[in-house]
2 protein chains.
Amino acid sequence: MQQGLARVSRPRLYEQLVEQLLAYIETAKLGPGDLLPAERDLAERLGVSRATLAQALVALEVLGVIDVQHGTGAVLARRPSVASVIKGLREHQSRLPDIVEARSTLEVKLASLAALRRTDQDLEAIDSALDVMAEEIGSGDRGARGDELFHQAVTTAAHSSVLAQLMAFIAEMILETRMESLGQPGRPEQSLASHRKIAEAIRKQDADAAAEAMLAHIELVSDVALLK
Amino acid sequence: MQQGLARVSRPRLYEQLVEQLLAYIETAKLGPGDLLPAERDLAERLGVSRATLAQALVALEVLGVIDVQHGTGAVLARRPSVASVIKGLREHQSRLPDIVEARSTLEVKLASLAALRRTDQDLEAIDSALDVMAEEIGSGDRGARGDELFHQAVTTAAHSSVLAQLMAFIAEMILETRMESLGQPGRPEQSLASHRKIAEAIRKQDADAAAEAMLAHIELVSDVALLK
DNA sequence: ACTGTCTAAGAGGCTAGTCCAGTGAGCCAG
DNA sequence: CTGGCTCACTGGACTAGCCTCTTAGACAGT
């Protein structure tokens, strides 16, 4: 399944430079507002061309670590910003219990909001996701695609952009949990049933029931992962 | 307050290129796995040098939109990924109600977890944050620093790395809300009182009370913002 | 003394040209 | 049919140079 082997690592100079610069900032105890050495200077010290260094600086800028100002230099952003967050997420690949915890927090809230705010159109999307899932399971599949569609539909139905963005943020991590759970025999059917319960609560616009059903669902889906 | 005027915008070619490339991907209906045109080709079409285009590609890579492979080309990532999330957050600067909603969801959960998992050291940090806040308010200040310290301390006490990362993710947005609220006359004192209530619940390790107190606090703090 | 103007040094922005290093399709011999 | 070779094509990186922006300091003029 998936896509076979991951391509062997492809080393890129600018990536190493990002690491080195981050380390430099750390050891040199540079704080917000401080300036990095000049490009020509840095390039020489690191033994790379200015063009390559420029790429590393772009990367740091996108990551929110620095703010490059024409004529002045590269100044450190006031906060570590989103940068460290993303880096932390990517590197640590946080432990599963924490992921489940975050997922549960967000999705329970999302489910109750969906119950309150859903439109008929949202409901259609939810139902069609259930159909897809039922069909997948019927043909012996694990129903992963329907599962993903369902949770997306519920998220959409909650009409809360920031919560939706947070969900997208941890979506990749959740995916791992989901794949493992659906691989268990009998699980897809159980999962489909609990999805139906959530959908019903949302249909009736019963926020508490929706929250409860979602909580139960996530606990069902997560216990396997937790045992590992 | 803050830092006076924001520096006038500094146009950067690579930023424009990122926009154009994103638009191109959109209009050309390129999907995951598809290849972008070759660098030399793109550079010519866009009227820039390859070095500059390379910067734009680095930016897109950091954003998770593409995956540049030596000898093959720039292939679109399987998912829109975190990229669109960040972009969305930065650009739309989501509406306040949504922010408050997300904040409330996370912090209420964080408060109850903190009640269950706090160590004595966590409690000390929370208390000292309250001291800082009281002192600030005593000297006529708004107590913003103490406020921030308090919420950070509670987040730490919850010992949930993923939730903490999500909080960091929306921290900037929350800051705006906080500043406005504390600017109201009488608010700092009210805010301090509700902080104390949260701290007490955490001290007694009463999760429900902590959640309730946090919810009340956020509602108090947010109503002004919502009126705007 | 104060204030406004000018200038030059130094910072980043961008380009053009060149060479190096993977990738993969296609050809050809075994 | 398989293995190995080649070659065209793709990105990776560097160099050299010129442009624009920022800022501190000199130098007026008041």
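Residue numbers start from 1 in every chain, and the chains themselves are labelled A, B, ... in the order their sequence lines are given, proteins ahead of strands.
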At their closest point, which heavy atom of A43(A) faces which heavy atom of L53(A), and how far apart are they?
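Looking at all heavy atoms of both residues, the shortest contact is N-CD2, 3.7 Å.
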Rounded to whole Å, please give me the gap between [atom1] in [X] and [atom2] in [N].
X      : N       : atom1 : atom2 : result
D67(B) : dT10(D) : CG    : P     : 18 Å
L13(A) : dC19(C) : CG    : P     : 20 Å
Q55(A) : dG12(C) : CD    : C1'   : 16 Å
E44(B) : dC9(D)  : CD    : P     : 15 Å
L57(B) : dT10(D) : CG    : C1'   : 12 Å
L42(B) : dT10(D) : CG    : P     : 11 Å
L53(B) : dA13(D) : CG    : C1'   : 15 Å

Going 5' to 3' along nucleotides 6-11 of chain C, which nucleotides have protein heavy atoms under 4.0 Å from the base (write B), which only from the sugar-phosphate (write S), and which from neither (write -)?
----BB
R50(B), nearest nucleotide to its side chain (from dG13(C), dA13(D), dT15(D)):
dA13(D)
Contact check, side chains of [X] and [Y], non-hydrogen atoms, under 4.5 Å:
X       : Y       : result
V100(A) : V162(B) : no
L163(B) : L113(B) : yes
R12(B)  : H70(A)  : no
H151(A) : R103(A) : yes
K109(B) : V108(A) : no

Ignoring backbone atoms, establish whether T52(A) has a side-chain N or O less than 4.0 Å from OP1 or OP2 of dG12(D).
no
